[in-house]
Amino acid sequence: MEIALAANLIAWGAIGCGSHGTATAPQASLPLPQSNAELARANQAPETQIGTMELVAEFASPMQTGVTVSRDGRIFINMPRWFDPTPFTVGELKNGQLVAYPDANVNRLDESDFANTFVSVQSVVVDPDNRLWVLDTGSISFGPPRPFGPKLVGIDLATNRILKKIQFPADVALPTTYLNDVRFDLRRGEGGMAFITDSAGKGPGGIIVVDLAFGKSWRRLSGHPSVMAQPGFTPIVEGEPLMMREPGKPPQPLKMASDGIAISNDGKTLYYRPLISHHLYSVSVDALADTNRTEAEVESTAQDLGDIGYASDGLESDDQGNLYLSDYEHQAIHRRDSNGTDHVLVQDARLIWPDTLSVGHDGYLYISVNQLDRAPRFHDGKDLRRPPYALFRTKIDGHPVNLRSQAK
């Protein structure tokens with residue numbers, strides 16, 4: 001399957017792929033959501049902005065969340081099954097096309113086999129050993145996870161084949177769990193460890209730790225105040241309070257828990273933020289990774305780094321000790337240095353809900369923008385999104401955090 005991308009023309013259709021992503025002839029296409037002229041203008045730079053961004057790609061539909069870039073510059077995108085028809089949920093940008101990855105079959109929603117197909121992918125991340133990891137929520141349209149659906153899937157980028165699939169036991173992926181984002185330290189244990197945020201909106205948030213060699217996983221900070229939505233806080237986005245607004249029902253505050261996640265360049269500290277919060281938090285990675293530590297011992301290492309004045313979706317870090325945070329309230333991206341000094345890296349009217357951030361080996365920070373705040377669930381069923389959605393990048397001094405396995 002492919003999605004065509006261009007600055008002045010965006011269209012997509014269902015195109016089959018073999019096991020190595022070879023495209024076949026288009027099978028179908030959807031009408032453009034706007035005229036070509038409107039599409040061409042939508043992501044032009046505004047007259048007033050801080051910093052500069054380059055437009056990498058535009059997407060007519062479905063809306064995307066995650067982005068990641070491999071060591072050799074391959075760009076991967078994911079589109080969760082939320083509001084739009086979604087023929088595939090993981091894709092690779094190739095020659096101006098978004099192609100189902102690693103193939104169309106694993107991306108096809110199969111109600112009879114949630115364990116071995118992608119249900120709804122929230123995040124894609126290339127690890128320090130240049131493998132792609134796919135984080136599947138197992139949840140469609142934010143509903144309960146499908147049986148055996150929540151999983152972490154590793155793909156060998158040299159062969160484009162799945163090399164590992166890790167599913168989660170019932171005491172780790174709870175009925176309310178929404179797997180959101182993931183970071184890696186491949187120096188730990190025999191095969192490295194992954195750290196995943198659970199951004200549950202109707203249950204306890206938390207950090208899920210995964211032993212990649214053995215597939216074992218465990219929860220930490222489950223329901224701890226640092227992973228939960230900030231009480232009494234309502235974000236203001238594009239001039240109005242962001243709340244759940246469903247037809248015929250009174251507005252309800254959002255309670256999305258731990259969402260953005262980043263690991264420090266020395267691998268000692270994990271940073272995270274609830275989606276609905278002005279606070280930034282950190283916790284010891286040593287404590288998270290040690291199964292002999294009690295929960296109280298882990299919690300004692302969690303730190304509230306304070307009210308930083310804005311709410312974030314995506315977090316990212318680089319090898320220079322910088323932390324990057326999206327600011328969906330002010331259409332901006334911030335950089336926080338190792339001393340805790342925060343400044344605006346980019347502020348731009350086109351950053352209508354900056355979602356995932358990803359540092360590339362080319363020295364760019366990639367920014368996925370998807371207009372999430374305009375979705376129907378926040379506006380009494382009215383869809384205020386105006387595609388195209390976009391992928392931007394901005395030049396930085398850093399490169400990806402390199403917590404590689406000793407064998408590499």
- Contacts of Leu305 meeting side chain to side chain contact (heavy atoms under 4.5 Å, CB included) (sequence neighbours excluded), chain-then-number -> Tyr271, Leu280, Ser282, Gln303, Arg336
- Query: Is Arg385 salt-bridged to Asp84, cutoff N-O under 4.0 Å?
  - Reply: yes
- Message: Using 30° and 60° as the class boundaries, would you call the ring planes of Tyr272 and Tyr281 parallel, tilted or perpendicular?
- Response: parallel
- Task: Starting at CG of Leu357, measure out to CD1 of Ile333 and round the result to the nearest 0.5 Å.
- Result: 5.0 Å
- Check whether more than 12 heavy atoms from other residues, nucleotides or ligands sit under 6.0 Å from atom NZ of Lys165, and answer yes or no. yes
- Message: Please check: side-chain N/O of Trp353 versus main-chain N/O of Glu329, any donor-acceptor pairing under 3.5 Å?
- Response: no
- Message: Counting only heavy atoms from other residues, nucleotides and ligands, does the tally under 6.0 Å from CD of Glu111 exceed 12?
- Response: yes
- Lys/Arg N to Asp/Glu carboxylate O, Asp136 vs Lys151, below 4.0 Å: yes
- Message: Other residues, nucleotides and ligands only: do more than 12 of their heavy atoms fall within 6.0 Å of CZ on Phe142?
- Response: yes
- Task: Starting at CZ of Arg374, measure out to CD1 of Ile352 and round the result to the nearest 0.5 Å.
- Result: 3.5 Å
- The reported gap from NE2 in His379 to CG in Leu384 (rounded to nearest 0.5 angstrom) is 4.5 Å
- Message: For Asp286, run the salt bridge (charged side-chain N to carboxylate O under 4.0 Å, His left out) check against Arg293, Lys268, Arg188 and tell me which one passes.
- Response: Arg188
- Validation row: Arg335, Asp342 side chains within 4.5 angstrom (heavy atoms): no
- Task: Report the distance from atom OG of Ser358 to atom CD of Glu316, rounding to the nearest 0.5 Å.
- Result: 5.5 Å
- Message: Take a 6.0 Å sphere around NZ of Lys395 and say whether it holds more than 12 heavy atoms from other residues, nucleotides or ligands.
- Response: yes
- On the 0 to 90° scale, with breaks at 30° and 60°, tag the Tyr310-His334 ring pair as parallel, tilted or perpendicular. parallel
- Under 6.0 Å from the NZ atom of Lys216, do we count more than 12 heavy atoms belonging to anything else shown? no
- When you check the gap from the basic side-chain N to the acidic O, do Asp72 and Arg74 get nearer than 4.0 Å? no
- Message: With a 4.5 Å cut-off on side-chain heavy atoms, are Tyr366 and Ser368 touching?
- Response: no
